[in-house]
Amino acid sequence: MTTIYKSLATHLDKLPGGYPPTPSGVELRILERLFTRQEASIAVYLTLRPEPPGKIAQRVGQAEETLAPVLYEMSKKGLIVRKEKDGKRFY
């Protein structure tokens, strides 16, 4: 398994719902099916509080113009939550 999926699993396990490791590693195989490598590398920077793409982009180290479409696609796949307020998107 690649390190990015292990990092994502660790990140998810710190959340209230948890995402504990299993002896078989099935949780990593699930993440590999759900997230592309790019999506997983972004997801480790997300918080539980909705934030605009610009703020997430700063943490990720990418341009907002590059990151925003990826976040939108992740939300369409049901991987992350998207909210809109006053015409602005939050993830």
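- Residue pairs that meet the salt bridge (Lys or Arg N to Asp or Glu O under 4.0 Å) test with at least one member in residues 7-23, sequence neighbours left out, do not exist here.
- Here the shortest heavy-atom pairing between Leu46 and His11 reads O-NE2, 3.0 Å.
- For the pair Leu8 and Ala43, the tightest heavy-atom approach, listed with the atom from each and the gap, is CD1-CB, 3.7 Å.
- Distance check, rounded to the nearest 0.5 Å: OH of Tyr5 to CZ of Arg29 gives 14.0 Å.
- Residues passing the salt bridge (Lys or Arg N to Asp or Glu O under 4.0 Å) test with Glu64: none are found, sequence neighbours excluded.
- Listed by chain and number, the residues in a side chain to side chain contact (heavy atoms under 4.5 Å, CB included) with Ala68 are Pro53 (sequence neighbours excluded).
- Atom CD1 of Ile4 and atom CD1 of Ile42 lie 9.5 Å apart (nearest 0.5 Å).
- Side-chain contact between Leu31 and Leu12 is present, with heavy atoms from C-beta onward closer than 4.5 Å.
- Looking at residues two or more places apart in sequence or on another chain, you find a salt bridge (Lys or Arg N to Asp or Glu O under 4.0 Å) between Arg59 and Glu51.
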What donor-acceptor contacts under 3.5 angstrom involve side-chain atoms of residues 81-91, with partners at least two apart or in another chain?
{"from": "Arg82", "atom 1": "NH1", "to": "Ser75", "atom 2": "OG", "distance (Å)": "2.7"}
{"from": "Glu84", "atom 1": "OE2", "to": "Arg89", "atom 2": "NE", "distance (Å)": "3.2"}

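- In this structure Ile30 satisfies the side chain to side chain contact (heavy atoms under 4.5 Å, CB included) test together with Tyr19, Val26, Leu34, sequence neighbours excluded.
- In this structure, Lys55 has no side-chain hydrogen bond (donor to acceptor under 3.5 Å, both in side chains) partners at least two apart in sequence or on a different chain.
- Partners of Glu27 by side-chain hydrogen bond (donor to acceptor under 3.5 Å, both in side chains), not counting sequence neighbours, listed by chain and number: Thr22.
- With hydrogens and angles ignored, the 3.5 Å screen pairs a side-chain donor or acceptor of Ser7 with a backbone N or O of Thr3.
- The side chain to side chain contact (heavy atoms under 4.5 Å, CB included) search around Glu73 returns Lys76, not counting sequence neighbours.
- Rounded to the nearest 0.5 angstrom, Ile56 CD1 and Tyr45 OH are separated by 12.5 Å.
- Screening residues 33-49 for salt bridge (Lys or Arg N to Asp or Glu O under 4.0 Å), with sequence neighbours left out, gives Glu39-Lys77.
- Side-chain atoms of Leu48 and Pro16, non-hydrogen and from C-beta on, do get closer than 4.5 Å to each other.
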